[in-house]
Student: 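There's a structure below that I have some questions on.
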Amino acid sequence: MITLYDLVFQDDRRPSPFCWRTKYALTHKGLRWTEVPVGFTEKDKIAFAASPTVPVIKDGDMPVRDSWAIANHLDKQYPDKPLFKSEMARSYALFINGWVDTQVHAALAPLIIGDLYDRVRPVDQAYIRESRGKRFGSSDFTAVQSAAREKGLPAFRLVLEPARRTLKEQKFLAGDAPAYPDYALAGAFQWARIVSPLELLASDDPVHAWRERMFDLYDGMGRKAKAA
Ligand SMILES: N[C@@H](CCC(=O)N[C@@H](CS)C(=O)NCC(=O)O)C(=O)O
């Protein structure tokens, strides 16, 4: 029995990009799980895993923290339907993971931070003002977002160029079928979609077509999550 501790916003929204990686990984492997919603100020719920962040899973009695560690744990414990079919596939996924964490999220966050803040549970808003205020150098998130949007989307779209080139050649980042590199990038788009109505991609962008395929995947699992 697997329990996933998942970040929760207002109206039971679940936008965490890292938790989405785990949800896609579990679904890829045909594993079932139950979810425990965790607010930003409910870290006591994940204290058993000694983790300040979600996702955390409890697999039986075993706590596993961090989405990448969880993916590796799942492939080790449940070798069927691997997320990483080879050492090289695992390395490619690790590279994409790092690119999404450091480049895609960094380019995306200022574009959606105002909308995100508006959807954080009221009880968690002071925590976000403090923690994200430090990160952005201002807790006026509406102003941070407006400034980022004034600069426009080209800088964000440029960051996606490696994915765009790949998706011009093939259906998924991982090839003919989706795997962990796709889940890592799809998590970022789910995050954006759930907290903000901003359209990030041009309709003729190959990344746009891929994103639609990802939202449709596994009976529309991504699309079923309530959008902003
Ligand atoms: N490297 C971690 C990052 C996880 C992470 O940053 N999660 C965010 C939610 S998207 C979190 O729990 N933040 C808690 C906080 O900011 O207090 C992973 O891949 O799991």
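Each ligand, and each atom within it, is numbered from 1 in the order the structure gives. Positions are given from 1 along the sequence. For the numbers below, each heavy atom of this structure counts, side chains included, while hydrogens, waters and symmetry mates do not.
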Student: Counting heavy atoms only, name the option from W191, Y5, F18 that's nearest to atom 3 (C) of ligand 1.
Tutor: F18
Student: Testing the 3.5 Å rule here: is there a donor-acceptor pair between the side chains of Y92 and N97?
Tutor: no
Student: Can you find a side-chain donor-acceptor pair between D205 and W210 that sits under 3.5 Å?
Tutor: no
Student: Answer with yes or no whether R21 contacts ligand 1, where contact means a heavy atom under 4.0 Å from a ligand atom.
Tutor: no
Student: Please report which non-hydrogen protein atom sits nearest to atom 1 (N) of ligand 1, along with the residue it belongs to and the distance in Å to one decimal place.
Tutor: D66 OD2, 2.9 Å
Student: Is any N or O atom of R135, backbone or side chain, closer than 3.5 Å to an N or O atom of ligand 1?
Tutor: no
Student: F48 vs Y5 aromatic rings, parallel, tilted or perpendicular, using cut-offs 30° and 60°?
Tutor: tilted
Student: Out of curiosity, is P52 lining ligand 1, as in a heavy atom under 4.0 Å away?
Tutor: yes
Student: To the nearest 0.1 Å, how far is atom 12 (O) of ligand 1 from its closest protein heavy atom, and which atom is that?
Tutor: V54 N, 2.8 Å
Student: Could you list the atoms of ligand 1 found under 4.0 angstrom from a heavy atom of Y127?
Tutor: 15 (C), 16 (O), 17 (O)
Student: Assess, by modelled atom type and distance only, whether the side chains of Q77 and D59 contain a donor and an acceptor separated by less than 3.5 Å.
Tutor: no
Student: Check each of S16, G39, P17, S67 against atom 20 (O) of ligand 1 and report the one with the nearest heavy atom.
Tutor: S67
Student: So which of V120, L116, D118 actually passes side chain to side chain contact (heavy atoms under 4.5 Å, CB included) with V195?
Tutor: L116
Student: With a 4.0 Å heavy-atom cut-off (strictly under), which part of R65 contacts ligand 1: side chain, backbone, both or neither?
Tutor: neither
Student: Angle between ring planes, F141 versus Y117, binned at 30° and 60°: parallel, tilted or perpendicular?
Tutor: tilted
Student: Can you find an N or O of T53 that's nearer than 3.5 Å to an N or O of ligand 1?
Tutor: no
Student: Answer yes or no: are there more than 12 heavy-atom neighbours, outside K224 itself, under 6.0 Å from its atom NZ?
Tutor: yes
Student: Compute the minimum heavy-atom distance from P55 to ligand 1 and say whether it is under 4.0 Å.
Tutor: yes
Student: Could you check whether any heavy atom of R132 sits closer than 4.0 Å to an atom of ligand 1, since that is the contact criterion I want to use?
Tutor: yes
Student: Checking R121 against F9: charged group under 6.0 Å from the ring centre and within 45 degrees of the axis?
Tutor: no
